[in-house]
Each structure stands twice: as structure tokens, then as C-alpha cells.
Amino acid sequence: MEIFKKRKNLYTECMIVILWHLLIAFIFPALSSSATFSGLTQDVWFYNIFTINDYATLFFTGIIFAKYNIFATWNSLFDHMTNIEKFIFSSTALCVCAYTRVFISSTSFDILLVPIFLLAAITIINMFSHSGTGFAYIGKHSTNIWLTHSFYCYYFGPFAKLVYKSKNFIIDYLVLLALSLVTSILLNLFWEYVKICYQHIHTLLLPRTAN
């Protein structure tokens with residue numbers, strides 16, 4: 001009971017996100033497709049709250065996982081396993097996620113599959129120190145990559161042509177990742193320079209104490 005009390009907010013927030021996902025992905029699409037409730041899609045509140053892409057709930061899932069550091073708790077479950085057991089378990093989980101995504105449902109179960117997929121992938125990556133270091137470096141730039149990648153693959157014409165030039169999705173992905181990563185590095189350097197300039201200006205503007 002004590003553990004439940006400490007995790008009460010976690011359970012509540014998870015239930016809210018799951019309920020919202022069920023409404024968005026299953027219940028309201030079924031209702032709005034019927035003749036009786038077809039007018040719901042014309043309602044402003046209904047449209048803005050319940051007809052958004054079901055990917056939106058993944059963002060809230062990510063917020064909950066980061067807020068309560070759930071992956072750290074899940075990782076502790078592997079402490080008693082050997083590397084072979086970890087690899088078998090994680091590989092099986094990845095295959096189940098891939099099979100469900102491809103052959104059962106494209107997006108409806110992502111709210112459950114994505115955390116499991118990430119845990120399994122991270123577990124395998126951490127078994128190889130060099131790859132883990134590389135992915136950790138990319139992870140530090142993940143926010144900037146997420147914020148900038150769409151400009152290169154959708155909006156900046158010359159770069160979009162470069163991204164899709166090879167017609168091979170793996171090469172296209174690597175090109176997009178490289179462009180976004182370089183952009184993130186340059187952005188971080190820019191902000192570091194801004195901070196240095198601000199500090200110099202702030203120091204110059206500070207009133208000098210009389211001797």
C-alpha cells in the first residue's frame with residue numbers, strides 16, 4: 001500500500017493517458033462514423049480534443065516516463081539476468097513489437113509497443129559499449145533532432161531532395177539523421193556563443209564598485 005501511495009500520481013496519469021488514447025483511437029472514431037453522431041466532428045471542442053492524431057498520446061506517455069524515470073525501474077528487473085537472457089528477452093520483445101505493428105495494427109497499440117520496444121532496444125544497445133556511447137551522444141541531441149528533422153524532409157526543398165535522393169529508406173534515414181545532428185551541434189554552439197556574449201555584456205554593464 002505504501003508503494004501504491006507513492007506511485008498514486010503515476011498510476012492516475014497513466015490511466016488518464018490510456019483512457020484518452022482509447023477515446024481517440026477506438027471509441028470516438030466509431031461514434032463519429034455512425035449516422036447518429038456524425039455531427040460530432042463539426043463541434044469545435046470535440047474536434048480539438050478528440051480528433052487529434054493518436055500519436056499525440058505518445059508524447060504524454062514520454063512525459064510520464066521521463067517524469068517518473070520509469071525506464072530506470074524497468075531496467076532493475078534485468079539485474080538478475082545474464083547477458084544471454086537479456087538478449088533473448090529483448091530480441092523476443094522486439095520481434096513481438098514488429099509483428100504487432102506490421103501485421104496486426106499500424107498505430108493503435110503504439111502507446112504500449114513503443115515503451116517496450118525502447119526498453120528492449122536500449123537493453124541490447126547497452127550490451128555493446130561502443131554502440132551505447134554513440135547512441136548516448138545522439139540522445140543528447142534528440143530534442144533538437146526531433147524539432148528540426150521535419151524541415152529537412154518536408155519543407156526545405158533542396159534538402160528534401162537530398163534526403164530522398166537515394167530511394168533507399170535506410171540511406172535516406174541516415175542522411176536525415178546526419179543533417180539533423182549537424183544542425184543540433186551548430187545550434188548548441190550558437191547558444192553557447194550567445195551565453196558567452198551575454199556574460200561579457202552583463203559584466204560590462206554591472207556598476208563598478210568604488211575603490
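Everything numeric in this text was worked out from a predicted model, so none of it was measured.
With contacts defined as side-chain heavy-atom distances shorter than 4.5 Å, the pair T143/L147 qualifies. In this structure, Y152 and T183 have side chains that are in contact, with non-hydrogen atoms separated by less than 4.5 Å. At a threshold of 4.5 Å between non-hydrogen side-chain atoms, the residues Y164 and C153 count as touching. Side chains of L94 and I124 form a contact here, defined as non-hydrogen atoms less than 4.5 Å apart. Looking at heavy atoms from C-beta onward, L119 lies in side-chain contact with N75 at the 4.5 angstrom threshold. Counting heavy atoms from C-beta outward, I145 and I138 have side chains that approach closer than 4.5 Å. N144 places none of its side-chain heavy atoms less than 4.5 Å from the side chain of I185.
With rounding to the nearest 0.5 Å, the separation of CG in L177 from CG in D172 is 12.5 Å. One finds the CG atom of L179 at 9.0 Å from the OG1 atom of T148 (value rounded to the nearest 0.5 Å). Atom CE of M81 sits about 8.0 Å away from atom OG of S90, to the nearest 0.5 Å. Distance CZ/F117 to SG/C95: 10.5 Å, rounded to 0.5 Å. To the nearest 0.5 Å, atom CE of residue M15 and atom OG1 of residue T12 are 9.0 Å apart. Between the OH atom in Y11 and the CD1 atom in I16 there is a gap of 15.0 Å [rounded to 0.5 Å].
Heavy atoms from other residues, nucleotides or ligands lying under 6.0 Å from CZ of F78 number more than 12. For I84, the CD1 atom sits in a loose shell: 12 or fewer heavy atoms of surrounding residues, nucleotides or ligands are nearer than 6.0 Å. Around CZ of F71, the count of heavy atoms belonging to other residues, nucleotides or ligands within 6.0 Å exceeds 12.
F151 and Y154 fall within a single hydrophobic cluster, where Ile, Leu, Val, Met, Phe, Trp and Tyr are joined by side-chain heavy atoms under 4.5 Å apart, directly or via other members. Cluster membership check: I104 shares its hydrophobic cluster with V102, using side-chain heavy-atom separations under 4.5 Å among Ile, Leu, Val, Met, Phe, Trp and Tyr. Residues F109 and V114 fall into different hydrophobic clusters, defined by Ile, Leu, Val, Met, Phe, Trp and Tyr side chains chained together at heavy-atom separations under 4.5 Å. Tracing side-chain contacts under 4.5 Å through hydrophobic residues (I, L, V, M, F, W, Y), one never reaches F103 starting from I116; they form parts of separate clusters. Follow the hydrophobic side-chain contacts under 4.5 Å out from F190 and you never reach L181; the two are in separate clusters.
In summary, the side chains of T73 and Y68 do not present any donor paired with an acceptor at a separation below 3.5 Å, with no hydrogens or angles considered. In this structure, a donor-acceptor pair under 3.5 Å is present between the side chains of S184 and H141.
Side-chain atoms of E85 come within 3.5 Å of backbone atoms of T82 as a donor-acceptor pair (strictly under, hydrogens ignored).
Among all heavy-atom pairs drawn from E13 and K67, the shortest one is OE2-NZ, 3.0 Å. Considering every non-hydrogen atom in both T123 and K86, the closest pair reads CG2-CB, 4.0 Å. Minimum heavy-atom separation, L113 to C97: O-SG, 3.7 Å. In plain terms, the two heavy atoms of V163 and V175 that are nearest each other are CA-CG1, 4.1 Å.
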- request: With ring-ring contact (aromatic ring centres under 6.0 Å, His included) as the test, would you mind laying out the steps for Y198 and W191 before giving the verdict?
  value: CA-CA 10 Å; Y198 171 78; W191 285 115; over 10 Å; no

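Note: F159 and F156 have tilted aromatic rings, judged against thresholds of 30 and 60 degrees for the angle between ring planes.
In this structure, the ring of W74 has its center less than 6.0 angstrom from the ring center of F65.
Salt bridge R101/D110: present, at least one basic N to carboxylate O contact under 4.0 Å.
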